[in-house]
Enquirer: 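Starting off with a structure, shown below.
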Protein chains: 2
Amino acid sequence: MFSKACQYAIRATLFIAQRSLEGERVRLKTIAKAIDSPEAFTAKILQQLARNKIIHSIKGPSGGFEIADHDLDTIRLIKIVEAMDGDQVFDGCGLGLKQCNAAKPCPVHNKFKIIREELKNMLVTTNIRELATDLSVGSTVLRM
Amino acid sequence: MFSKACQYAIRATLFIAQRSLEGERVRLKTIAKAIDSPEAFTAKILQQLARNKIIHSIKGPSGGFEIADHDLDTIRLIKIVEAMDGDQVFDGCGLGLKQCNAAKPCPVHNKFKIIREELKNMLVTTNIRELATDLSVGSTVLRM
DNA sequence: ACTAAAAAGGATAAAAAGGTCTTAATATCA
DNA sequence: TGATATTAAGACCTTTTTATCCTTTTTAGT
């Protein structure tokens, strides 16, 4: 469904969010260990998230990554997915047909449409605070 | 959502099905042109579909590909998707977590679950005759 | 100012996906 | 039976994705 980079990005964002709720800033190494991802690759992903204003990065000793409290409410899952994978997940034809649209639908157009719309809706309505809070309450882990 | 190979596979299968409805057998070249896919790559995909008993291949002059009439009803979209992409599309965690399940769900588990189930349900209930018939009735094309 | 700790960025490598080409196998038909 | 048309199969190439490594930049603390 999503690229590996996108999956790491969501896991990393949730972990940072959870720590940000507690007022803590986290370093790359900590994040990579926590979400069980390759450290160097994760660094690239965090850069991309920072460029897209999804997380905030601080250089230097005692630096790291954090998410401002008010961003926890405004940042939705879709923002992460779009930053990493673009929008071809929910837009575009399920069969890869460029000319497929409501006026000239491919045979599975309408069947896919419903699912894509639900997926998009879910991503648009889910914010980071909600997920991070769930994460803190439950015993769930972001590792593999 | 699906790999390119899977998209080509669905398009090819639908095209073959449509022709099979008319009692016609189609050659690789015809298929590749009809669905606008690279010929050599399509050949490989057709082999895979044949090995998975989704289509039937006939060698030699006047050979080609076809789908037996009764198969048009029994073959569902999911069979194609599973043959090409495996089952990680609807099974497996949206965040790539191996340990994620209902007992120990990741934060987005339940949100994804609904969508995955609907996707799977759609693929399980959609058969090839239905789609091929739609294709014949409408003016829609399988090309890009 | 100096040092150490952190992220940023560039170059490169490995793996997977996407795609091509050549040869073999098989079937038809003169 | 032999020539030919067609798919099958596997080797090979290309591009994209995933991943690593090394150097540079920034910054806090001393």
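All chains are named by letter (A, B, ...) in the order of the sequence lines, taking the proteins before the strands, and each is independently numbered beginning at 1.
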Enquirer: Applying salt bridge (Lys or Arg N to Asp or Glu O under 4.0 Å), name anything that partners B:Lys79, two or more places apart in sequence or on another chain.
Expert: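 Applying salt bridge (Lys or Arg N to Asp or Glu O under 4.0 Å) to B:Lys79 gives none.
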Enquirer: Out of C:dA5, D:dA19, C:dT20, which has the shortest distance to the side chain of A:Pro61?
Expert: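 It is C:dA5.
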Enquirer: Between residues 12-28 of chain B and DNA chain D, which residues have a heavy-atom gap below 4.0 Å?
Expert: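 Heavy-atom contacts with DNA chain D come from B:Arg27, B:Leu28.
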Enquirer: Pairs in or reaching into residues 22-69 of chain A: which pass ring-ring contact (aromatic ring centres under 6.0 Å, His included), with residues at least two apart or in two chains?
Expert: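 Residue pairs with at least one partner in residues 22-69 of chain A: A:Tyr8-A:Phe41.
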Enquirer: Between B:Gly64 and A:Ser62, who's closer to the 5' end of DNA chain D by nearest nucleotide?
Expert: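 Going by which nucleotide is closer to the 5' end, it is B:Gly64.
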Enquirer: For the pair made of CD in A:Gln88 and P in D:dT16, what is the distance, rounded to whole Å?
Expert: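 Roughly 14 Å, once rounded to whole Å.
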Enquirer: Round to a whole Å and report the spacing from NE2 of B:His56 to P of D:dT7.
Expert: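 After rounding, the reported distance stands at 13 Å.
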Enquirer: If you look only at pairs with a residue in residues 23-32 of chain A, which of them pass as a salt bridge (Lys or Arg N to Asp or Glu O under 4.0 Å), with sequence neighbours excluded?
Expert: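 Of all non-adjacent pairs touching residues 23-32 of chain A, those that pass salt bridge (Lys or Arg N to Asp or Glu O under 4.0 Å) are A:Arg19-A:Glu24, A:Arg25-A:Glu66.
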Enquirer: Rounded to whole Å, how long is the line connecting atom CZ of A:Phe2 with atom P of D:dT17?
Expert: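 It works out to 16 Å between those atoms.
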Enquirer: Under 4.5 Å between side-chain heavy atoms, counting indirect links through other Ile/Leu/Val/Met/Phe/Trp/Tyr residues: same cluster for A:Leu49 and A:Leu72 or not?
Expert: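 In one cluster with A:Leu49: A:Leu72, yes.
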Enquirer: Measure from CG on B:Leu49 to C1' on D:dA8 and round the result to the nearest Å.
Expert: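 Rounding to the nearest Å, CG of B:Leu49 and C1' of D:dA8 are 14 Å apart.
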Enquirer: Test your reading of the model: is there a side-chain donor-acceptor pair from A:Gln48 to the backbone of A:Met84, 3.5 Å cut-off?
Expert: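 No; judged by distance alone, with no hydrogens or angles, the pair does not exist.
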Enquirer: Nearest whole Å is fine: how far is C:dC21 P from B:Lys29 NZ?
Expert: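 Checked: the NZ to P distance equals 13 Å.
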Enquirer: Which pairs with one or both residues in residues 118-137 of chain B pass ring-ring contact (aromatic ring centres under 6.0 Å, His included), sequence neighbours excluded?
Expert: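 For residues 118-137 of chain B: none.
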Enquirer: Using a cut-off of under 3.5 Å, enumerate the N/O to N/O pairs linking the protein to nucleotides 8-13 of chain C.
Expert:
residue	atom	partner	partner atom	Å
C:dA8	OP1	A:Ser57	OG	2.7
C:dG9	N7	A:Gln47	NE2	3.3
C:dG10	N7	A:Lys44	NZ	3.0
C:dG10	O6	A:Lys44	NZ	2.5

Enquirer: Could you tell me the separation between the CD1 atom of A:Ile45 and the C1' atom of D:dA19, rounded to a whole number of Å?
Expert: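 A:Ile45 atom CD1 is separated from D:dA19 atom C1' by 10 Å.
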Enquirer: For A:Tyr8 and D:dA19, is the shortest distance between a side-chain N/O and OP1 or OP2 below 4.0 Å?
Expert: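 Checking D:dA19 against A:Tyr8, a side-chain N or O does come within under 4.0 Å of OP1 or OP2.
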Enquirer: Going by the rule side chain to side chain donor-acceptor pair (under 3.5 Å), which residues pair with B:Arg116 if we only count those two or more places apart in sequence or in a different chain?
Expert: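 Listed in chain order: nothing, the list is empty.
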Enquirer: How long is the line joining NZ of B:Lys4 and P of D:dT17, in whole Å?
Expert: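 Spelled out: NZ on B:Lys4 to P on D:dT17 is 11 Å.
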Enquirer: Would you please name every residue forming a side chain to side chain donor-acceptor pair (under 3.5 Å) with B:Asp85, sequence neighbours left out?
Expert: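 B:Asp85 satisfies side chain to side chain donor-acceptor pair (under 3.5 Å) with B:Ser3 only.
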Enquirer: Distance check needed: D:dC22 P versus A:Glu39 CD, whole Å only.
Expert: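 Between P of D:dC22 and CD of A:Glu39: 14 Å.
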Enquirer: On DNA chain D, check which nucleotide each of A:Cys6 and B:Gly60 is closest to and give me the residue with the more 5' one.
Expert: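 Nearer the 5' end of the strand: B:Gly60.
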Enquirer: Can I get a per-line list of side-chain donor-acceptor pairs under 3.5 Å for residues 121-128 of chain A, giving both atom names and the distance, sequence neighbours left out?
Expert:
residue	atom	partner	partner atom	Å
A:Thr125	OG1	A:Asn121	O	2.9
A:Thr125	OG1	A:Met122	O	3.3
A:Thr126	OG1	A:Met122	O	2.6
A:Thr126	OG1	B:Lys111	NZ	3.4
A:Asn127	OD1	A:Arg129	N	3.3
A:Asn127	OD1	A:Glu130	N	2.9

